[in-house]
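Notes follow once the structure below has been shown.
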Amino acid sequence: MAEVRLRKVVKRFDDVEAVRGIDLDIADHEFVVLVGPSGCGKSTTLRMVAGLEDISDGEVLIGGDVVNDVPPKDRDIAMVFQNYALYPHMTVFQNMSFGLRLKHYPKAEIKKRVDEAARILDIAELLDRKPKQLSGGQRQRVAMGRAIVRNPKVFLFDEPLSNLDAKLRVAMRTEIKKVHQQVRTTTIYVTHDQVEAMTLADRVVVMNNGRIEQIGTPNQLYHTPETRFVAGFIGSPAMNFIPCQLEERAGALSIRLTDSLAFPVPEAKASRYRGRAANGSMLLGLRPEHITEAHGHLEPGAVPFEARLEVTEPMGMETLVYFGVNGAQVCGRVNPNSGAREGAALRLAANLNNMHLIDEATGRVI
Ligand SMILES: Nc1ncnc2c1ncn2[C@@H]1O[C@H](COP(=O)(O)OP(=O)(O)OP(=O)(O)O)[C@@H](O)[C@H]1O
Ligand SMILES: [Mg+2]
């Protein structure tokens, strides 16, 4: 096992700069997820670590050694792709042991490693089957088993679950997490699904347009996003962004949304924003879970207001409500018993303790 370092890594395809100078330190045993929209450079970054793509500029280090010029087969990494590319004519055992047999490992050692991986993945009963006799999830396990038996320094996953249906994805996600708890191999995992990223990662790397926007634990990214992009990318339904102005009157700060609607800034947040009033256009960032029905007594920082609901979406355990504020569509999450009805007004409360203020010009969270 090993740590992985990327130093100012750049990838150019002719005149396209797909990866624009990435610095990333991944610790031994760590599970890091690269997440971001399609085309942001996730796969290209992973493929440079794997050695499947030349590095245009910068350095990749595995276990302290620069590997820029080391061919993929000598990097001691194992990669699991979206299409698992199992050999159809081989049994599960033969598929899993293929790499070890190529390297002339002793038979007993091969059997020991395959049995151990099959135990971890719960596929011991399937070792004599051919891939076409397996379900999608079972094939995915075999692909992971093939990686595990090699006992590599690093696992690389590129969207390994995207061929599975929604239910199986969730189950396999848990499976991958359990496997990592047991084998503890340093892992870089690529997905465009922020839920997958949040649930799997020790640390999440949010990429956008060939650059890293922010690196942090799932909770850090959720609670303290540094940019509008990260704030909007992490969390579902996504954070609301409402055009606003920061007002300061007699030392008291408030967020002005419309002529008739302003939210006082809670004391705990005030020092952060003081002196920023009249600094140009801003956006109030508030997650749907921080807009709920107003209870009898409100916590400090929760501000009641009334909204005319345009759309309601019952989800069972909660109801999503949509309404307009200052030209923005805003989503809140209320109790199914709150009496929310389309076309009717509802008393809601915004929890300003969880507010974010974004400078529209720079896209940065203040
Ligand atoms: N072989 C190539 N030649 C030219 N351009 C490429 C090549 N491979 C990737 N690109 C470009 O590099 C950029 C990053 O691609 P990459 O595959 O890394 O994105 P990604 O983040 O993995 O996206 P997705 O979520 O769709 O898989 C894209 O603009 C893509 O068109
Ligand atoms: Mg990709």
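All ligand and atom numbering here is 1-based and tracks the order in the structure.
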ask   = In terms of side-chain heavy atoms, does E248 have a donor or acceptor partner in Y273 at a distance below 3.5 Å?
value = no

May I ask you to check whether [X] has an N/O atom sitting below 3.5 Å from an N/O atom of ligand 1?
X    : value
G39  : yes
C40  : yes
H192 : no
A18  : no

I242 and L283, any side-chain heavy atoms less than 4.5 Å apart = no

task = Kindly assign one of parallel, tilted or perpendicular to the pair F31 and H180, based on the angle between their ring planes and the thresholds 30° and 60°.
result = perpendicular

inquiry  = If we count only non-hydrogen protein atoms and require a distance under 4.0 Å, does atom 4 (C) of ligand 1 qualify as touching the protein?
reply    = yes

query = Could you state the interatomic distance from CE (M96) to OG1 (T91), rounded to the nearest 0.5 Å?
reply = 10.0 Å

key: Test applied, side chain to side chain donor-acceptor pair (under 3.5 Å); reference residue, E116; option that passes from R119, K112, R113   = R119

message = List ligand 1 atoms under 4.0 Å from T44, heavy atoms only on the residue side.
response = 14 (C), 15 (O), 16 (P), 17 (O), 18 (O)

note = Atoms of ligand 1 under 4.0 Å from any heavy atom of G41, numbered from 1 in the order shown, are 14 (C), 18 (O), 19 (O), 20 (P), 21 (O)

key: Cation-pi geometry met for K107 and Y105 (6.0 Å, 45°)   = no

inquiry  = Let me check your reading of the structure: within less than 2.8 Å of the Mg ion (ligand 2), is there an N/O/S atom from S43?
reply    = yes

request  = Just need the protein heavy atom nearest to atom 1 (N) of ligand 1, so name the residue and atom and give the distance.
outcome  = F13 CE2, 3.5 Å

Verdict with reasoning, F157 to F81, per ring pair (Phe, Tyr, Trp, His ring centres under 6.0 Å) = CA-CA 6 Å; F157 290 92; F81 296 95; over 10 Å; no

inquiry  = Looking at ligand 1, would G36 count as a contact under a 4.0 Å heavy-atom criterion?
reply    = no

